[in-house]
Protein chains: 2
Amino acid sequence: MLNVARPCCVILSIMRNVDALDARILLALDEDPRATTVALADRLGLARNTVQARLKRLEESGQLREHSRRVAPAGLGYPLMALITMSISQRVGKPTREAILRIPEVVELLVTTGDGDLLARVVARDTEDLHRITNLLLEAPGVVRSNTTIVLLEVQPFSVRSLLERHAGPETGPHRPTR
Amino acid sequence: MLNVARPCCVILSIMRNVDALDARILLALDEDPRATTVALADRLGLARNTVQARLKRLEESGQLREHSRRVAPAGLGYPLMALITMSISQRVGKPTREAILRIPEVVELLVTTGDGDLLARVVARDTEDLHRITNLLLEAPGVVRSNTTIVLLEVQPFSVRSLLERHAGPETGPHRPTR
DNA sequence: GCCACATTAAGCATTCTGCTCATATATCTT
DNA sequence: AAGATATATGAGCAGAATGCTTAATGTGGC
């Protein structure tokens, strides 16, 4: 079952979808990320073995991304966040992407439709720092134009809680008897 | 020390910055998010107590965000991701934001400078679904215009690893003796 | 010198983990 | 209907980890 060869773009194929039970477990973990397996189990009214097995599968099947997603850049000394769209001459090549990813302040990089071809999310210590980073981006091969948008307020930082809640079904509360 | 009252916008004030040691711990956690305290401790050449204390502080001081950040939306059945900028009549009010946040597919919401006043990151099951969500956004009070950009490829999903590595200092490897 | 703070070390009762085996339920296939 | 596959559950067990406390040892600032 499930070849665990992962050619980097076929990830979707090995992703057995997360079902309602998985979602409930993930939600419980969301409220207490360091909860022990036992704690999760009786919070959800499940057997310890069940939680253990499903968590193991979730991790092994690559459903969970890296832990550093949880670290807020502001705490590291980067209170400024900006979105920078870039136009690329020709097509977006590997050299371009690699050059951009070498900049530590680039915390996310997307290929998009629309005006820009690339979108980088960067963090900076201050506006001067941001200016420096913008110039670095423009030095990447093929980058011909950039457009910077500053994030003024994170009304809702990235979170899939709402999706998990929908996925978990109507009965999300703890201690729900099976019937 | 450190009032744990958190009036939602004063978070920055209670954030004692993450130092190099914290960064090393977080990096180690990044490589194995479920590593035990003991495992982290001797991977980093630290005492168990140290790791335990710092992890506790990191969590209590709000440096770590929610766990659901680690869940990939694709695994939940939302393979499509888009960025939708919105122009708002008047100013961005609470009613507008609340209406938008009631849409589960909105996984992130930012107030930005530039053309649009609001930027929503949404996920969708397919293009038709995305169309439906776009219409929902336009129904929010004050939203007068929207512009959708589809994410074709996540070259680098959000990650602060690079920042942590810089923060951890030159000696990031395991088993580094104190001198 | 003295104070505050962080690291380290040791100890201890309780709890958790990883693992295995066996037993129910479902659900799907033939 | 019968069989097969997958999952949930329950129990058990040795070893490991946790949470907590106390105390010793730096380390830097005033």
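Every value quoted in this text rests on a predicted model; they were computed, and no experiment measured them. Just so we're on the same page: letters track the sequence lines, and every chain starts at 1.
Checked against A:Met86 for a side chain to side chain contact (heavy atoms under 4.5 Å, CB included), the options A:Val144, A:Ile100, A:Thr96 give a single hit: A:Ile100. The side chain to side chain contact (heavy atoms under 4.5 Å, CB included) test with B:Leu119 is passed by exactly one of B:Ile84, B:Leu110, B:Leu109: B:Leu110.
Contact check on A:Asp42 versus A:Arg48 returns no salt bridge, with no Lys/Arg side-chain nitrogen under 4.0 Å from an Asp/Glu carboxylate oxygen.
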Check residues 72-80 of chain A and write down every donor-acceptor pair under 3.5 Å in which the side-chain atom is one partner and the other belongs to a residue at least two apart or another chain.
from	atom 1	to	atom 2	distance (Å)
A:Tyr78	OH	A:Arg125	NH2	3.2
A:Tyr78	OH	B:Arg166	NH1	3.3

Taking only distance into account, with no hydrogens and no angle test, what donor-acceptor pairs under 3.5 Å do side-chain atoms of residues 130-139 of chain A form with protein atoms, sequence neighbours excluded?
from	atom 1	to	atom 2	distance (Å)
A:Arg132	NE	A:Asp129	OD1	3.0
A:Arg132	NH2	A:Glu105	OE2	3.0
A:Arg132	NH2	A:Asp129	OD1	2.7
A:Thr134	OG1	A:Leu130	O	2.8

For nucleotides 16-25 of chain D, which of its nitrogen or oxygen atoms have a protein nitrogen or oxygen under 3.5 Å away, and what is each distance?
from	atom 1	to	atom 2	distance (Å)
D:dT18	OP1	B:Thr37	N	3.1
D:dT18	OP1	B:Thr37	OG1	3.1
D:dT18	OP2	B:Val38	N	3.4
D:dG19	N7	B:Arg48	NH1	3.4
D:dG19	O6	B:Arg48	NH2	3.0
D:dC20	N4	B:Arg48	NH2	3.2

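Going from atom CG of A:Leu44 over to atom P of D:dT7 covers 18 Å, rounded to whole Å. In this entry the distance linking CG of A:Asp22 with P of D:dT7 reads 10 Å, nearest Å. Rounded to whole angstrom, the span from the CZ atom of A:Arg43 across to the P atom of C:dC16 amounts to 15 Å. C:dT27 atom C1' lies 16 Å from atom CG of A:Leu21, rounded to whole Å. Distance CG (A:Leu58) to P (D:dT7): 12 Å, rounded to an integer number of Å.
Residue A:Arg57 places its side chain closer to D:dT7 than to any other of C:dT8, C:dA6, D:dT7.
In this structure, A:Arg69 is positioned above the aromatic face of A:Phe158, its NZ or CZ under 6.0 Å from the six-membered ring centre and within 45° of the axis.
Among the heavy atoms of the strands, none lies under 4.0 Å from A:Leu40.
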